[in-house]
Amino acid sequence: MTKQYKTLGEFIIENQDSFKYSSGELSRLLNGLRLAAKVVNHEVNKAGLVDILGEAGDQNIQGENQQKLDVLANEKFIQTLKKREIVCGIASEEEDDFISINSFDNQHQNKYVVLIDPLDGSSNIDVNVSVGTIFSIYRRVTPVGTPVTIEDFLQPGVNQIAAGYIIYGTSTMLVYTTGDGVNGFTLNPALGTFYLSHPNMSFPENGNIYSVNEGNYVHFPQGVKDYIKYCQKEEDDRPYTSRYIGSLVSDFHRNMIKGGIYMYPKSSVASEGKLRLLYECNPMAFIAEQANGLASDGKNRIMEVKPTELHQRVPFFCGSRNMVEKAEEFMKNANA
Ligand SMILES: O=P(O)(O)OC[C@H]1O[C@](O)(COP(=O)(O)O)[C@@H](O)[C@@H]1O
Ligand SMILES: [Mg+2]
Ligand SMILES: [Mg+2]
């Protein structure tokens, strides 16, 4: 490796002071996520050779059949975060309820809650298509010294202090923000180290990629149908290109680099869409906004939605600023 890249560890330390609560705790938390990411990456890379493909045999609270890798990734991230002596609670797509974690002195001294989607893009695990992990971090709102409560998790996205994702793709990357821009780090598997390969990531204001499961077209609201027709129309810089991997992290990552919009609208078969506000939409919205993009439910800023339930779903429109605004315009016009 001729060009000298900064390591993730160095970057975390160097940028510690730009963080509001800079006491080294967030650095330790991010380092915990970095460690768990490497463990899960190792398992994902050899998934076909060991017995971790296929279904685990149980369903999660959303009624989805858990994949073995969903369960494994969930265990690895929870185990690693529990040991960090910083986290007072974890919520996960694969856990019915939040997990309360006491500090080693049993005095509930830990200050951060973490919400995770341990394995994003589960339908792609068995077919060797890129998948990811998504995380969102908040400072607790209940007093230190008391057990964590649901209140600490049901915070609006604007309260996030950090968010990010890991993408297990052609290369493995960790992309995150602490509210001071978005940076991407690529894992050098030979050295087991993440390096700063994508500094200051940013969505192009315009793009020519739209990502939506068009198989649901008949069920979409009129405004969404109109916007998809607009994307497909031969006019100006259109038709746009349709790209849909079926892993939110991967579709988002591509669109952030190339310019594009990802949509998972509500529909006649899914009244609030599919994606979960707390551990999919809020963290991706924080990253999108920090990367000059936008994220809404078709009308409202995702990060201002007041959560009411741990696993609630919201319609999601996210990506290049001008494309999200255009989609919102079509929905407004169609009174969708
Ligand atoms: O197959 P569909 O309905 O298009 O849904 C695909 C979407 O669902 C998800 O797989 C949901 O995430 P999980 O895999 O974590 O449940 C997203 O990653 C993806 O964008
Ligand atoms: Mg997901
Ligand atoms: Mg998942």
Side-chain angles (χ1 to χ4, degrees), residues 156-158 160 163 177 181-182 201-278 280-308 312-336:
V158 284
Q160 287 175 100
T177 183
V182 176
M201 299 182 83
S202 182
F203 273 96
E205 290 221 337
N206 288 304
N208 68 347
I209 296 170
Y210 69 101
S211 310
V212 65
N213 186 339
E214 290 189 65
N216 298 330
Y217 183 87
V218 282
H219 304 301
F220 286 155
Q222 193 54 45
V224 176
K225 288 179 177 173
D226 295 345
Y227 179 66
I228 292 174
K229 284 288 163 240
Y230 168 87
C231 293
Q232 296 169 339
K233 192 165 183 208
E234 194 157 14
E235 191 182 48
D236 302 334
D237 61 342
R238 286 165 285 126
Y240 295 149
T241 294
S242 171
R243 287 278 184 280
Y244 190 69
I245 295 169
S247 298
L248 165 64
V249 164
S250 313
D251 283 310
F252 178 98
H253 189 76
R254 182 215 36 252
N255 290 351
M256 180 158 66
I257 292 172
K258 297 207 167 192
I261 183 173
Y262 169 96
M263 302 179 276
Y264 209 108
K266 65 181 180 184
S267 70
S268 55
V269 288
S271 61
E272 288 305 320
K274 176 181 182 178
L275 300 183
R276 283 52 60 119
L277 174 62
L278 292 181
E280 289 174 317
C281 301
N282 268 336
M284 302 312 270
F286 189 20
I287 298 164
E289 291 194 8
Q290 283 291 315
N292 192 33
L294 286 181
S296 84
D297 63 5
K299 209 159 137 207
N300 313 301
R301 187 183 171 209
I302 283 285
M303 293 217 290
E304 285 171 11
V305 174
K306 176 72 187 88
T308 52
Q312 76 185 79
R313 302 173 194 262
V314 282
F316 194 53
F317 298 78
C318 181
S320 292
R321 174 171 294 279
N322 297 342
M323 297 181 85
V324 175
E325 285 173 347
K326 192 62 150 177
E328 290 173 340
E329 193 187 306
F330 274 96
M331 279 178 275
K332 196 161 170 228
N333 297 345
N335 296 321

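Nothing fancy with the numbering, it's 1 onward along the sequence. Scope of the values below: all heavy atoms of this structure, side chains included, with no hydrogens, waters or symmetry mates.
- Across every non-hydrogen atom of Lys225 and Val218, the tightest pair is NZ-O, 3.5 Å.
- Of the possible donor and acceptor atoms, none in the side chain of Gln160 sits under 3.5 Å from a partner among the backbone N and O of Phe286.
- For the pair Lys229 and Tyr217, the cation sits on the ring face: its NZ or CZ lies under 6.0 Å from the ring centre, inside 45° of the axis.
- The main-chain N or O of Lys274 is found under 3.5 Å from a side-chain atom of Arg313 such that the two form a donor-acceptor pair.
- Listed here is the closest heavy atom pair of Gln290 and Gly181: OE1-N, 2.7 Å.
- Taking CD1 of Ile209 as the reference point, atom NZ of Lys258 lies at 6.0 Å (rounded to 0.5 Å).
- Considering only heavy atoms from C-beta on, Ile302 comes within 4.5 Å of Asn282 through its side chain.
- Inter-residue side-chain proximity for Arg254 and Tyr262 is flagged as unmet; no heavy-atom pair is nearer than 4.5 Å.
- Residues Ala285 and Phe316 approach most closely at N-CZ, 4.4 Å, considering heavy atoms.
- Looking at Ser296 and Leu294, their side chains never come closer than 4.5 Å, going by heavy atoms from C-beta outward.
- Glu329 has no carboxylate O lying under 4.0 Å from a charged side-chain N of Lys332, or vice versa, which leaves the two without a salt bridge.
- Nearest approach of Asn208 to Tyr240, heavy atoms of both residues: O-CB, 3.2 Å.
- With a 4.5 Å cut-off on side-chain heavy atoms, Gln312 and Leu278 do not count as touching.
- Remark: side-chain polar atoms of Ser320 are paired, donor with acceptor, to backbone N or O of Gly260 under 3.5 angstrom.
- At a threshold of 4.5 Å between non-hydrogen side-chain atoms, the residues Glu325 and Glu205 do not count as touching.
- Separating the CD1 atom in Ile261 from the OH atom in Tyr210 is a distance of 12.0 Å, to the nearest 0.5 Å.
- Between atom CE of residue Met303 and atom CE of residue Met284 there is a gap of 13.0 Å, rounded to the nearest 0.5 Å.
- For the pair Asn333/Asp226, no side-chain contact is recorded, criterion being any heavy-atom separation below 4.5 Å from C-beta on.
- Other residues, nucleotides and ligands place no more than 12 heavy atoms under 6.0 Å from the CZ atom of Arg243.
- The ring of Tyr244 has its center no closer than 6.0 angstrom to the ring center of Tyr264.
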With side chain to side chain contact (heavy atoms under 4.5 Å, CB included) as the test, would you mind laying out the steps for Met323 and Met263 before giving the verdict?
-> CA-CA 11 Å; Met323 297 181 85; Met263 302 179 276; over 6 Å; no
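- Atoms CG and OG, from Asn255 and Ser250 in turn, are 10.5 Å apart once rounded to the nearest 0.5 Å.
- With hydrogens and angles disregarded, a donor-acceptor distance shorter than 3.5 Å links the side chain of Ser267 to the backbone of Val269.
- Closest approach of Cys318 and Ala288 over heavy atoms only: SG-CB, 3.7 Å.
- Between the side chain of Asn216 and the main chain of His219, no donor-acceptor pair closer than 3.5 Å is present.
- In this structure, Phe317 and Pro265 approach most closely via the heavy-atom pair CZ-CB, 3.8 Å.
- To the nearest 0.5 Å, the span separating CZ on Phe220 from CG on Asn213 amounts to 6.5 Å.
- A heavy-atom distance below 4.5 Å is found between the side chains of Tyr227 and Lys326.
- Although no hydrogens or angles enter the test, the distance criterion places no donor-acceptor pair under 3.5 Å between the side chain of Thr177 and the main chain of Ile287.
- Side chain of Asp236 to backbone of Arg238: no donor-acceptor contact under 3.5 angstrom is found.
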